[in-house]
Structures are given as structure tokens and as C-alpha cells.
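As C-alpha cells, the structure follows; a few thoughts come after it.
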Amino acid sequence: MLKSLFKATAAAAAATGIALSLNNKTVSASAVAARAVNAAKVTKKSEKSYDNGVALTPPMGWSSWNTFRRNINEKLILEVATAMANSGLKQAGYQYINLDDCWQSSARDENGRFVADYATFPRGIKPLVDEINELGLKVGIYSSNGTHTCEDLPASLGFEAVDADTFAEWGIEYFKYDFCHNKPTSTSAPNIERMVVSDISGADILTLEAKDAVLTGHARVAKDTRFPGEYITGLGGNIGTATFNDIVVEEDGEYILSFTLRKRGNYYKYARIVVNGSDEYEITTAPTMAQSAEGRAQVLVKLNIGANSVKIFNPFASRMDAAAHQYTKMGLELKRATREFAERMGTEEKPICYSICEWGLNRPWNWGKEAGNLWRTTMDIKANWPSIVSIYEQNVRLAKHAGPGGWNDPDMLEVGNGSLSMDENRAHFTLWCMMAAPLILGNDIRRFLNEDGTAKEDDAILRILTNKDLIAIDQDSLGVQCVRHKTNIKVDVLVKPLSDGTAAVCFFNKFGEAIEEELSIKEIIGKDYCNLPDAVYYECKELWTGEEFDTDDEIEAYIAPHSVKIYKITAKED
Ligand code: GLA
């Protein structure tokens, strides 16, 4: 009887969106249903940052999207990985080979697991990962925080746990989580008529009615004319809570909480259930199609011998809260999955660098650091100058949110793509380095190899992408994103403090004509984005030309149209 209850409720949960939580060990339902159920347990989050030990400097790698879009396959990816290993890119610090959208088949397998496209990745992902790891590189993968990806292929909303497990088992080390086909977690909460507590055999222990709850905020007991009886309402939008206290049980263990709901409003609803102030569970109810006014939802919870409390509310005041919650949930599953897989195999954990990609819609710079390792701040980049400048303009303002372990992501590089001139390619790369942005290449790096497999060392784009001085600015361990010190609309002056006590100063000419611009070094000293001391003079080195000079204060830069000058500045006393 018990097993069939679990099976039925788990399947119903998967089918209707009504989720319930139970301990994985006691469930013998099918893998998919069990996963759907297991995913509903909200893991307690205590860290202030995601803190998975990776991306202490901005991640560096390559992604298939900007050049290849839907047309990726195993042979191409292996060629790209070989090019990264042999062209000098790997030595320069690039390490991730990221499969973007379209690596997956349109159907999950019989266990509800992702499978790679049968035709383009015939061996699946794991052997590809092994081969790429052999080259000393890591593999990234992609899904969406929605029912489908941006190319309408299967995605991970509702499958967080099973997909995280799959990625961990494949040895994935970077995960980009997009926002297409997202279904926001509701900010509304179900209305609660009563809660029945039963033991695990289904025998009722006690029934608590709406009037028995302690209410806070806007929560209140209401009646309506359609149906007799009372219910608790006002639990949505994080403005009211209902708590049932004194739920006395005779032994520690698992118990069933069955809620009778009063259906109102034809939309999804969500409630967080907190037991004894710490264990968190959740329920989601579907828009009603039923004739009846009452519905039900269940959670399996752990109760302690003696008195227990159950608090019910919806913690989301806005869509932003809801998106943060969904991204956080996936991040926690990734951490759990890599830890559990390593424990199971007795191997070293491979943490997954978690890239949040909701295009800046829900101000992810405010919550991304707790949820993951990087967060897109804008819509998609394109390989033309107006796109680069527009993305820069949005991202440069977000400096204070970036730091080791959590970065603003102005999207993958378009260096070497589209209509960008050499100056524009250099400027784009420089700006991303100044902004401590992830350096994820988006061009076809196979062309950096000669036919005999050696590197084309004089390739102008390869020289940009492997400029050690620039990469050192991006990868500086202080992990500070540059601040725009001043702008006259046409030229911006950016300052980035570096861990060795020097500073990088960048003059960026967005304009279509050459411009001369000045900076007084004394003017930036003492600013919180500059750690240069007041000194007798300063040594300046331009990092693209190698030009060097000393100054006691002024730097005068001549900047060609759509280009940059970037100086590393060292204070000198004698
Ligand atoms: C979105 C993302 C892109 C890319 C595509 C794939 O547009 O922002 O970076 O991943 O989806 O479909």
C-alpha cells in the first residue's frame, strides 16, 4: 500500500506539478518519479557565496555557440579541443571546451535522463569528456532553466537533480544554464483549509484546521460563498505566514503532511513548508481544471519525538526572487551531485563552474554570487561594434558585484568573428579583461593550426587571444572589475587595481575619430578602485605596443577610432 501511495503521488506530482518531498531511501517508485519527488526537497543554504572552490579568477575557455550555433558534432568538438591544446591557447590559460545548445537529442531516455544527439554525438558525452580530459582540458555543457532550451530541445526545469547527476557522472566541469521556456515559480500561495498529520502507514495522528494556525502579516482566515468551511489565505508574496505548533508525535521519523487546499484562481501556486524552523520542503499546485473546490497536496517530512512546528508561506515577493530561487536550486543540485559522485566512486570531486544565463533580466548581480560562479548581465552579444559597445556600457556599471568566485558575464567573446576590425577585436578583448570578464572564445579556433598541427604563431587573432599581459589583467588574483573613472561620452578612462600593487588604466575610444585624452595619475590615487601609492614617478607600459615611458603625473594617450590604449602603471620612488 505504501509503495503504491508513493508511486501514485510521485507520478501525480510529475504530471500535475504538485510536488512532494520524501527521503530518497524509502522510495521505490520509478527513477523518474523518484527524481521528481526528490527534487522537491529544498536543501538548506547557509553560505553567503556559492563557494564551490572554482572560478577564483574569471573562467577561460571556448564555446560552440557564437560560430557554430546548431551545427556541432563530436568530430568538430574534438578538433576544437586539439586546436586549443596545440595552438598555445591552453598554455595561455584557456581550459574549458563548452558544448552550447544542440548537443542533446530531442528525447530523454527511458529513465528520464538526457541523451546526446544520437547522430552527431553517437558515442554519447562521457567518452568525449574522457578524450578532452586527456588533452588536459575540461568540458562544459548547456541546458535551460525552462521546459526547453532556446533551440526548443529538452531542458532542466523540474529535472534539476537528475540532470545534475548526469552531468557529474559524465565528468562535466562547466555548466551554462539558460533562461528560455522558463516558467517562473509562482509568487502566489495556495489557500489552506487543514493539515492532517499521519504516520508512515497512513494512520492519522491529528488534524489541524485553519483556525488552529498562528498567523503573521497578511495571512488571515477567510470564508467564501461557494463552499462551506474556512481556509487560510494571504500566504503569497512573502507577506504572511501560517504556523501549526504543538504537533506531538511519539517517535522520531517520517510522517505525511496532507494539506486540504481551497482552490481559487487559475494559476500555479507555491508554498514553502518549514518544519521545526529548519527543514525546508515545497509544494507547487497547478492551475485548476477540476470541478471541485478542494484540492490536496502532500509532503513527507521528518518529525521529532515531542512537539513540532510547521510553517507555511511563499517566500517570493517578485519574479526576481523566483528566478533566484530556481537558479539557486540548480546550483545546489550541481554541488550535491559532484560531491555524491566523488564519494560513490572514491575519486576526487570535480566541481562544476556554474554559469547563470538569464540575460540580466532579474538583476542576477544581486543574487548570482550566492547562486553560482558567473551571471550574464545582458542579452546576446553579436560580432559587430554597436553590440560590443552596448554590452560594455551595461556591464561596466556593475563593477562592485564582481569578485573571486562570482563574476559579471558580458557574454562570450566575438574576437575574430563577424565585421570587427583588428582595432575593434583588440578593444573588445581589452575591455573584457579590464572588466574581469570570463574569457570564453567564440570563434573557430581550428584555424590557428597549420596543416601539420603546429600553431600559426603569426596569426593576428591568435596573438590577441594569447596576449599574456592582457590575460594577466583579466586573471589578476585581486579579482576586481575595472571602474569607469571618467568619460566624456566618446572616451572612457577605466582603472583596475592589480594584486602586485600596480594598476591597469585603459583609454577606450568608442567614437569613429581618433582622439587625444589625458589622465592625471594623482587624480585616481586614493580612490577605492586604485591602489597606487602617491609616488615620485610612475612607470607606464602600453600592453599592445610595448611602448614604455615614465611620468610624474600626466598620461596623454592618442587613441585611434574604436580602439584602446591600456597601460600598466607601477609607482616608483627613486
Ligand atoms: C541563448 C543564450 C546564448 C546561447 C543560445 C543557445 O540565446 O543567451 O548564449 O546559449 O541561447 O540557444
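Quick caveat: nothing in here was measured; it's all calculated off a predicted structure. Atoms within a ligand are numbered from 1 in the order they appear, just like the ligands themselves. Side chains are part of it too, since the values below use all heavy atoms of this structure and drop only hydrogens, waters and symmetry mates.
Listed by number with element, the atoms of ligand 1 under 4.0 Å from a non-hydrogen atom of Arg376 are 8 (O), 9 (O). Annotation for ligand 1: atoms under 4.0 Å from non-hydrogen atoms of Cys150 are 1 (C), 11 (O), 12 (O). For ligand 1 and Cys357, the ligand atoms under 4.0 Å from any heavy atom of the residue are 8 (O). Near Trp359, with a cut-off below 4.0 Å to any heavy atom, the atoms of ligand 1 are 2 (C), 8 (O).
Regarding atom 8 (O) of ligand 1, its nearest protein heavy-atom neighbour is Asp380 OD1, 2.5 Å. Scanning the protein for heavy atoms near atom 12 (O) of ligand 1, the closest one is Asp101 OD2, 2.8 Å. The shortest contact between atom 1 (C) of ligand 1 and any protein heavy atom is with Asp178 OD2, 3.0 Å. Here the heavy atom of the protein found nearest to atom 10 (O) of ligand 1 is Asp100 OD1, 2.6 Å.
Ring orientation note: the planes of Phe167 and Phe175 are tilted relative to one another, at an angle of 30° to 60°. Using cut-offs of 30° and 60° on the angle between ring planes, the pair Tyr50 and Tyr354 is tilted.
At a 4.0 Å heavy-atom cut-off, ligand 1 touches Lys176 through the side chain alone. With a 4.0 Å heavy-atom cut-off, ligand 1 is reached by no atom of Cys102.
Heavy atoms of Tyr142 come nearer than 4.0 angstrom to ligand 1 in at least one pair.
With no hydrogens or angles considered, no side-chain donor-acceptor pair links Trp62 and Asn443 at under 3.5 Å.
Here the rule is side-chain hydrogen bond (donor to acceptor under 3.5 Å, both in side chains) with Trp544, and of Asn467, Thr430, Asp423 only Thr430 fits it. Of the residues listed (Ile445, Ile132, Leu135, Leu449), the one engaging Met84 in a side-chain contact (heavy atoms from CB on, under 4.5 Å) is Ile445, and it is the only one.
Residue Arg339 qualifies as enclosed at atom CZ: its count of foreign heavy atoms under 6.0 Å is above 12.
Phe508 places a side-chain heavy atom less than 4.5 Å from the side chain of Val389.
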Check: Can you check disulfide bond (SG atoms under 2.5 Å apart) on Cys180 and Cys150, steps first, answer last?
Finding: CA-CA 5 Å; Cys180 281; Cys150 297; 2.0 Å; yes
